[in-house]
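Please read the structure below before turning to the comments.
Predicted model, so just to flag it, every value in this text is computed and none were measured.
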Amino acid sequence: MSRYRYPARDIQFCLEHIAGISRLEPHFPNYGADILEPILSEAAKFSEQCVAPTNRLGDQQPPKMVDRCVQETPDFKHVYELLQEAAWTTLAASEEFGGQGLPRALEVAFNEGIQSANLSFSLCPLLTQGAVDAIETHASQELKEAYLPNMVSGKWTGTMNLTEPSAGTDLAAIKTKAVPDGDRYRIFGQKIFITWGDHLMSENIIHLVLARLPDAPEGVRGISLFLVPKYLLDENGHAGRRNDVYPLSLEHKMGIHGSPTCVMQYGETEGAIGYLVGEEHKGLAAMFTMMNNARQSVGLQGLAVAEAAYQMALDYSLERKQGSVKGSPEKVAIAEHGDVRRMIWLMSSSLAAMRSLMYVASVESDLSKTDTKHLARTELYTPIVKGWLTEMAQEITSLAVQVHGGMGYIEETGVAQLLRDARILPIYEGTNGIQALDLVGRKLAADKGAAMSSLIEEMQTDVSAFTQHVNKVVVLKSYISLLQDAKQWLLDGEVESSEAAYDFMMLSGYVIGGWLLLKGAQSDAADDVWRSKVKFYFDHILVRADSLAASVKSFSSAGVIPSVELLKR
């Protein structure tokens with residue numbers, strides 16, 4: 001099993017020369033170019049030395065139920081304490097509540113490392129970051145002051161509770177009840193698939209729970225959001241007596257074994273005491289603050305797990321000797337074989353495009369806090385980041401197993417774990433089909449294509465000004481035109497949007513990836529490795545856009561997918 005190496009150089013290149021992180025300096029007084037490299041250097045040490053050694057342990061010794069609590073994997077608590085002591089949880093949080101007030105892009109850079117090193121462990125602080133955003137954006141000042149300082153410091157963690165046995169993607173079917181009780185509420189109901197719903201790593205766990213008030217209208221317009229602590233606060237604001245919320249069981253999953261996925265019961269007896277976040281019946285809008293944060297974060301998970309798998313495959317291909325090649329009578333490393341080289345470069349080139357998009361979207365997210373123009377771009381990027389990056393992660397982790405050959409199918413090698421861990425990514429926080437529908441149905445249709453047209457125009461302007469790799473410029477222009485055509489087919493109703501949405505999302509990812517790779521190649525900092533990645537991407541990966549565009553066009557009214565009833569036997 002190879003050792004994980006944090007790709008600090010690649011991350012810094014993407015932030016500086018593609019995403020333009022320097023644009024954030026006027027908006028974040030605490031940020032300057034001089035702190036980027038030190039932060040990445042420390043992130044490397046933490047992810048490589050503290051987190052990575054626990055990854056296999058989490059897979060082999062998952063959490064377990066003990067006395068109505070979840071006992072996390074051995075060593076996870078120690079690593080979490082180190083995370084808290086080093087103040088990594090405070091990077092992008094508001095100074096008002098104890099944060100450092102730095103750009104979210106730096107938080108993303110840190111998160112990439114711990115997600116590559118141990119995806120299961122990383123989900124706990126990740127969900128807390130999302131809960132902090134939701135509370136800070138929508139909760140009363142009283143709730144913010146009572147809960148955010150300890151959540152920002154990492155002393156308390158947070159969760160997101162949406163799904164129920166009868167309500168998955170269809171949140172309108174939520175049945176959990178919230179009964180008014182003075183200035184608070186009593187919550188009754190059951191939630192499933194709650195990531196890190198319970199554990200013993202922090203002093204308190206702050207659950208954000210969707211529920212219905214007694215007079216709530218039907219459908220999603222009748223959902224409210226509540227803050228429900230595991231331990232109620234005493235008169236001094238400390239975690240006091242246990243609230244009426246407990247984990248009932250743990251799910252037995254295909255992957256991310258070290259992450260406890262809980263069935264949570266709210267209100268076995270007196271009702272779990274909770275506090276309204278935002279306005280009554282407008283909880284879904286408040287929860288979407290956390291969900292949108294989580295969706296970009298899941299895209300990052302795709303990048304991170306794929307990076308870890310790529311590193312294992314690269315190391316193995318350079319070490320494993322088998323067979324010979326023309327001109328060499330001796331056995332050679334399998335990296336010398338053409339098909340293995342193909343797979344390694346496919347992984348490496350795809351990762352460069354994925355990372356470029358991830359950090360561009362992160363910087364846009366930071367800029368969106370002060371400029372609505374960047375908000376529209378961030379909202380447009382979100383489903384593409386979540387969908388395209390996690391789909392690419394499936395391909396890359398599978399290829400990593402293939403590079404290992406039969407050894408990849410053996411659990412002891414470690415690469416199989418990454419394939420299993422990655423499989424959840426296109427599913428949770430909204431399946432990729434939902435992301436595609438969001439891209440086409442909300443982001444494209446809502447503004448009549450304005451945000452996508454703005455992005456396409458920026459790509460066209462950039463490409464026209466590129467002076468390096470002019471042969472690639474011509475190719476990229478044609479693919480940008482394909483994306484423009486596909487956008488217009490959807491807007492004009494020439495194709496069935498619900499069926500064409502997934503292919504349009506993937507088409508967008510491939511074309512944006514090509515644009516950003518070529519943008520990076522214009523920089524003097526681009527080396528031969530980057531240029532080789534650009535060439536491979538254009539020759540072997542970007543060409544997929546042709547078939548995707550053709551597929552989008554095929555979903556015309558005459559080419560709608562037939563009913564699955566035809567397949568009954």
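- Between the side chain of S47 and the backbone N or O of A43, at least one donor-acceptor pair lies under 3.5 Å.
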Practice problem: Would you sort out whether F28 and L102 count as a side chain to side chain contact (heavy atoms under 4.5 Å, CB included), showing the intermediate values? | Solution: CA-CA 6 Å; F28 293 86; L102 291 169; 5.8 Å; no
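- The environment of CD in Q402 is sparse: at most 12 heavy-atom neighbours from other residues, nucleotides or ligands sit within 6.0 Å.
- Applying the side-chain hydrogen bond (donor to acceptor under 3.5 Å, both in side chains) test to pairs two or more places apart or on separate chains, those with a residue in residues 123-137 are N111-Q129, D133-N293.
- Note that the CG atom of L425 and the CG atom of L303 stand 11.0 Å from one another [nearest 0.5 Å].
- A salt bridge links R544 to E395: at least one charged side-chain nitrogen sits closer than 4.0 Å to a carboxylate oxygen.
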Exercise. Applying side-chain hydrogen bond (donor to acceptor under 3.5 Å, both in side chains), run through S368 and H374 and close with a yes or a no.
Key: CA-CA 4 Å; S368 72; H374 294 287; over 6 Å; no
Exercise. With side-chain hydrogen bond (donor to acceptor under 3.5 Å, both in side chains) as the test, would you mind laying out the steps for E112 and Y359 before giving the verdict?
Key: CA-CA 11 Å; E112 179 183 338; Y359 287 102; 2.6 Å; yes
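- Contact check on K553 versus E494 returns no salt bridge, with no Lys/Arg side-chain nitrogen under 4.0 Å from an Asp/Glu carboxylate oxygen.
- Side-chain atoms of T157 and W196, non-hydrogen and from C-beta on, never get closer than 4.5 Å to each other.
- Remark: the backbone N or O of A422 is paired with a side-chain donor or acceptor of Q394 at under 3.5 angstrom.
- Here the CD-OG1 distance, from Q100 to T90, works out to 3.5 Å after rounding to the nearest 0.5 Å.
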Quiz item: Yes or no on side-chain hydrogen bond (donor to acceptor under 3.5 Å, both in side chains) for T390 and N432, after CA distance, side-chain angles and deciding distance?
Solution: CA-CA 8 Å; T390 60; N432 284 353; 2.9 Å; yes
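- Nearest heavy-atom pair across G113 and Y4 is CA-OH, 3.6 Å.
- Going from atom NZ of K282 over to atom CG of L225 covers 14.0 Å, rounded to the nearest 0.5 Å.
- Here the side chain of S348 pairs no donor or acceptor atom with the backbone of W345 at under 3.5 angstrom.
- No side-chain heavy atom of R377 sits under 4.5 Å from any side-chain heavy atom of L367.
- A 4.5 Å side-chain heavy-atom check between L346 and H540 finds every atom pair outside the cut-off.
- Using a 4.5 Å heavy-atom cutoff, the side chains of L210 and T176 are not in contact.
- Within the 4.5 Å cutoff, the side chain of F504 has heavy atoms near those of the L483 side chain.
- A donor-acceptor pair under 3.5 Å is absent between the side-chain atoms of R23 and the main chain of V363, judged by distance alone.
- A parallel orientation is assigned to the rings of W88 and F110, their planes being inclined by less than 30° (bins at 30° and 60°).
- Between F13 and H17, the ring-plane angle classifies as tilted under the 30° and 60° cut-offs.
- Of all the heavy atoms in V534 and A521, the pair that sits closest is CG2-CB, 4.2 Å.
- Across all their heavy atoms, V152 and A93 have their closest contact at CG1-CB, 3.6 Å.
- Considering only heavy atoms from C-beta on, T195 stays 4.5 Å or farther from T159 through its side chain.
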Exercise. Apply the test side chain to side chain contact (heavy atoms under 4.5 Å, CB included) to residues T163 and L171: give CA-CA distance (whole Å), side-chain angles for both, the deciding distance (0.1 Å), then the verdict.
Key: CA-CA 7 Å; T163 308; L171 293 176; 5.7 Å; no
Quiz prompt | side chain to side chain contact (heavy atoms under 4.5 Å, CB included) assessment of S464 paired with K477 | solution = CA-CA 8 Å; S464 295; K477 283 182 177 179; 3.9 Å; yes
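- The pair E164-K191 meets the salt-bridge criterion, since a charged nitrogen lies less than 4.0 angstrom from a carboxylate oxygen.
- A 4.5 Å side-chain heavy-atom check between Q435 and P426 finds every atom pair outside the cut-off.
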Practice problem: Tell me, with the steps shown, if Q115 and E307 meet side chain to side chain contact (heavy atoms under 4.5 Å, CB included). | Solution: CA-CA 10 Å; Q115 287 170 5; E307 172 68 31; over 6 Å; no
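- A donor-acceptor pair under 3.5 Å is formed between the side chain of D421 and the backbone N or O of I256.
- Remark: H207 engages Y266 in a ring-ring contact (aromatic ring centres under 6.0 Å, His included) (not counting sequence neighbours).
- In K369, the NZ atom is crowded: over 12 heavy atoms of neighbouring residues, nucleotides or ligands sit closer than 6.0 Å.
- Taking the six-membered ring wherever Trp is involved, the centroid distance between the rings of Y479 and W515 does not fall below 6.0 Å.
- Closest heavy-atom contact between T397 and A309: CG2-CB, 3.8 Å.
- When all heavy atoms of R355 and C14 are compared, the pair lying nearest together is CG-SG, 3.7 Å.
- Nearest approach of S453 to K487, heavy atoms of both residues: OG-NZ, 2.6 Å.
- Atom CG of L127 sits about 8.0 Å away from atom OG of S259, to the nearest 0.5 Å.
- A 4.5 Å side-chain heavy-atom check between Q12 and R9 finds every atom pair outside the cut-off.
- Atom OG in S350 sits 3.5 Å away from atom CD1 in I541 (nearest 0.5 Å).
- Distance alone, capped at 3.5 Å, is enough to place a donor-acceptor pair between the R212 side chain and the I174 backbone.
- A distance-only check finds no donor-acceptor pair linking the side chain of S365 to the backbone of T378 [under 3.5 Å].
- Between atom CD of residue Q301 and atom CG of residue L389 there is a gap of 11.0 Å, rounded to the nearest 0.5 Å.
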Practice problem: Kindly indicate, with the supporting measurements, whether the criterion side-chain hydrogen bond (donor to acceptor under 3.5 Å, both in side chains) is fulfilled by T261 and K253. | Solution: CA-CA 8 Å; T261 302; K253 301 166 299 189; 2.8 Å; yes
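- Under the 3.5 Å distance criterion, the side-chain polar atoms of T431 are matched with a main-chain donor or acceptor of I434.
- Salt bridge annotation for R442-E379: absent, with no cationic side-chain nitrogen under 4.0 angstrom from a carboxylate oxygen.
- The neighbour count for E25 CD, taken as heavy atoms of other residues, nucleotides or ligands under 6.0 Å away, is above 12.
- The main-chain N or O of D366 is never found under 3.5 Å from a side-chain atom of R104 such that the two would form a donor-acceptor pair.
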